[in-house]
Amino acid sequence: MIPRSFDEIKEALINGDITLPHLVERYLEQIEKNRFLNIYVEVWGEEAISRAHELQNKYDEDKNSVGPLFGMIVSIKDVICYKNHTVTGGSKILSGFKSIYSSTAVIRLLEADAIIIGSTNCDEFAMGSTNETSFYGVVRNAVNPDLVPGGSSGGAAVSVQTNTCLVALGSDTGGSVRQPAAFCGIHGFKPTYGRISRHGLLAYGSSFDQIGILAHNIKDIAVTLSVIAGPDEYDSTALTSVPEDYEDKLLAPKNARIAYFKAALEHPSLDKTVRDRCNTMIENLLAKGYSVEGVDFEYLDFMIPAYYVLTTAEASSNLSRYDGIRFGYRSPNATNLEETYKLSRTEGFGREVKRRILLGTFVLSSGYYDAFYGKAQKARRLIVEKTAEIFKNFDFILMPSAPGPAWPIGESLDDPIAMYLADIFTVHANLTGIPAVSVPVKPTEEGLPLGIQFFADKEKESSLLAFVNTL
Ligand code: GLN
């Protein structure tokens, strides 16, 4: 068994119970065993082993010379650039494309002596909640291979769930780290917007996108965040405040005040078991001496329309760069420039991505701009203001991660609206830019994983992580 926490792995390496190359080999065996789940787009096994030898030698020569992530094996979602490695956003239009630079997150991981083992499958350009829109096919949930793993970071979640790596980097535009974490029984964390540089993250909705972290426990999230967070001259939206040592700060907070939205726990889409788990969580928090209070929040049903209008608008602009000329796939059927654009995009993008580009172009078009895009911006502003008001009186907000557990593969493809609606509890954190984490709770009677989220005010990730670490 490979240990499921970084502390245990470090201990095994320090005691000499295992060497780093041997550890990598064991992860690679896990990857082989779980091939049928379709977790990875590419596995960089040989490279990982040779890096493990280098790092082990460095450690053997001088134990103090290695970085803080020595011994950590990480997977990266197929939307995160790693120089000279394939990155496709789960799309045919980028098939065969290799990154020409590394994302800031990857550079910082490597500088801290982590090993990157491969790129994980995801919904095409991170658009989806089930990992079914990937050009590489669906990822299967290890709890039951007939079920989706959630999305869009489905491969990332299953990569951790099946112990093929210790920690996964995903991206979260509207819940893509937290919802698959909930569906797979692990922890998923999205920091404050701007906490982790977006340099080298393929853009979906730029004012929403954040790199997030999936792991078995909060401590491993904190260690990873401490390394990859922080200002970056390549991302003007990155926060300029210097991040803290999140691992150091994992001290139980006292007297935290927690709010929940009555409208969320009474929402008709909410599965009874999830409601029960939320109520149990509230009882446990009260028993621990925290104050917990239901608050009114009148904008819950505006979340999904605002999110889907704004993100598709941003996506229609962001994805215009995939023109058949500059990156990846070019249609062999084109005979002139216009056909090159049209056919490359027609053949290169999948159905869901096309639907969103069309929707986004429509809501931005003159004549409809005010009615849709402008209105959604106003709704976003109201949601931001109301949320800030709540944080004047509360430290954290409790929220279900998803209305229910993972559903069967194939079920949502014919009904995209139903799939969009299932994002109701996650998009709030992206509309407002606040940090959020999904923690696993008791599974359903059938054994399906469930999660509950906690939100904190902007830049309050250290108290958020410390708080959920006590649950
Ligand atoms: N399910 C949401 C969507 O499809 C969230 C995706 C994400 O966070 N990347 O847009």
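One-based numbering, in listed order, for ligands and for the atoms of each.
- Heavy-atom distances between Tyr420 and ligand 1 stay at or above 4.0 Å for every pair.
- For the pair Ser171 and ligand 1, the shortest N or O to N or O distance does not fall below 3.5 Å.
- Aromatic ring centroids of Phe454 and Phe396 lie 6.0 Å or more apart.
- Aromatic pair Phe261/His267: ring centres not closer than 6.0 Å.
- Annotation: Tyr420 is not in aromatic contact with Tyr307 [ring centroid separation under 6.0 Å not met].
- Heavy-atom proximity to atom 4 (O) of ligand 1, evaluated over Arg356, Glu352, Met419, is greatest for Arg356.
- Under a 4.0 angstrom heavy-atom cut-off, Tyr307 registers as being in contact with ligand 1.
- In summary, of the residues considered (Val441, Leu450, Leu448), a side-chain contact (heavy atoms from CB on, under 4.5 Å) with Thr273 occurs for Leu450 alone.
- Of the N or O atoms in Thr173, one or more lie within a sub-3.5 Å distance of an N or O in ligand 1.
- Considering backbone and side-chain N/O atoms, Met127 never comes within less than 3.5 Å of an N/O atom of ligand 1.
- Under a cut-off of 6.0 angstrom, the local environment of CZ in Arg351 is sparse, with at most 12 non-hydrogen atoms contributed by other residues, nucleotides or ligands.
- Not a single heavy atom of Thr311 sits less than 4.0 Å from an atom of ligand 1.
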